[in-house]
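Okay, so here's the structure we're looking at.
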Amino acid sequence: AQRVTQPEKLLSVFKGAPVELKCNYSYSGSPELFWYVQYSRQRLQLLLRHISRESIKGFTADLNKGETSFHLKKPFAQEEDSAMYYCALSGRMDSSYKLIFGSGTRLLVRP
Amino acid sequence: DTAVSQTPKYLVTQMGNDKSIKCEQNLGHDTMYWYKQDSKKFLKIMFSYNNKELIINETVPNRFSPKSPDKAHLNLHINSLELGDSAVYFCASRLGGNYEQYFGPGTRLTVT
């Protein structure tokens with residue numbers, strides 16, 4: 001079964017501290033992994049996709065196929081990073097490329 | 001602006017009513033989706049249309065009926081609204097061959 005697991009509902013850190021939001025997935029084929037971010041009462045925005053291997057707003061994520069993980073990291077958190085973060089998986093399921101989301105992790109960066 | 005837009009942004013209605021939410025994208029995408037975000041912020045796929053053809057229906061009650069008059073529009077009609085339908089509904093679109101989806105701003109539906 002296709003599944004995305006984000007074990008932490010809430011992650012609270014102080015400004016300047018490192019951040020790691022965990023994501024594990026289950027998928028039988030070759031998935032595409034994404035991190036989407038939702039700032040307060042705004043639309044979901046794509047933050048990262050694994051295939052691009054880029055850093056956006058200081059965030060990086062590496063796909064670890066052995067551990068089936070795609071954790072999101074940032075070395076120094078900023079207050080403006082406070083948001084809801086969703087890990088998502090897509091693939092050629094039903095030829096639909098639908099996104100399967102994790103339950104989300106709320107990141108709170110305290111001053 | 002090139003984007004995915006939804007109307008209305010907020011919708012408050014009573015149980016038993018019928019309501020529609022509209023979605024439009026001007027990105028030239030050929031696949032559109034409806035997702036539901038519940039009160040616990042959990043996001044789940046509901047429907048997907050590709051070139052006006054329904055390709056996903058994720059065990060959604062048949063009170064929900066999507067309609068796609070053309071590739072740029074995907075509307076969601078809900079009959080006999082129930083309290084449990086209260087949620088934020090997000091529309092998204094994608095261009096064939098690309099995995100990335102672009103989301104609308106959401107419609108916050110409150111059923112009283």
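Every chain is numbered from 1, with letters handed out A, B, ... down the list of sequences.
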A side-chain contact here means heavy atoms from C-beta on lying under 4.5 Å apart; do A:Lys9 and B:Lys41 qualify? no
Are [X] and [Y] linked, directly or through other ILVMFWY residues, by side chains that come within less than 4.5 angstrom of each other?
{"X": "B:Met46", "Y": "A:Leu44", "answer": "no"}
{"X": "B:Ile45", "Y": "B:Ile55", "answer": "yes"}
{"X": "B:Phe47", "Y": "B:Phe103", "answer": "no"}
{"X": "B:Ile21", "Y": "B:Val111", "answer": "yes"}
{"X": "A:Leu48", "Y": "A:Ile100", "answer": "yes"}

With ILVMFWY side chains joined below 4.5 Å, transitively, what does A:Leu108's cluster contain besides itself? A:Leu10
Rounded at 0.5 Å granularity, tell me how far NZ in A:Lys98 sits from NZ in B:Lys44. 9.0 Å
Between B:Gly104 and A:Arg43, what is the shortest heavy-atom contact and its length? O-CB, 3.1 Å
Grab the two heavy atoms, one from B:Tyr33 and one from A:Tyr97, that are nearest each other, plus how far apart they are. OH-O, 3.6 Å
Residues in residues 84-93 of chain B that sit under 4.5 Å from chain A, counting heavy atoms only: B:Phe90
Where on B:Gln37 is there a heavy atom nearer than 4.5 Å to chain A: the side chain, the backbone, both, or neither? side chain
Should we say atom OH of B:Tyr102 is surrounded by more than 12 heavy atoms from elsewhere, each under 6.0 Å from it? no
More than 12 heavy atoms from other groups under 6.0 Å of CD on B:Gln14: no
Answer key: most heavy-atom pairs under 4.5 Å with chain A among B:Gln6, B:Lys40, B:Gln101 is B:Gln101
Mind checking what makes salt bridge (charged side-chain N to carboxylate O under 4.0 Å, His left out) contact with A:Glu32, not counting sequence neighbours? A:Arg49
Taking only residues two or more places apart in sequence, or in another chain, which ones meet A:Lys22 in a salt bridge (charged side-chain N to carboxylate O under 4.0 Å, His left out)? A:Glu20
Take B:Leu43 and A:Tyr86 through the test side-chain contact (heavy atoms from CB on, under 4.5 Å) and record every step on the way to the result. CA-CA 9 Å; B:Leu43 268 162; A:Tyr86 291 94; 3.9 Å; yes
Mark yes or no for whether B:Tyr35, through its side chain, and A:Leu99, through its backbone, hold a donor-acceptor pair below 3.5 Å. yes
Pick whichever of A:Arg106, A:Gln38, A:Gln45 has the most heavy-atom pairs under 4.5 Å with chain B. A:Gln38
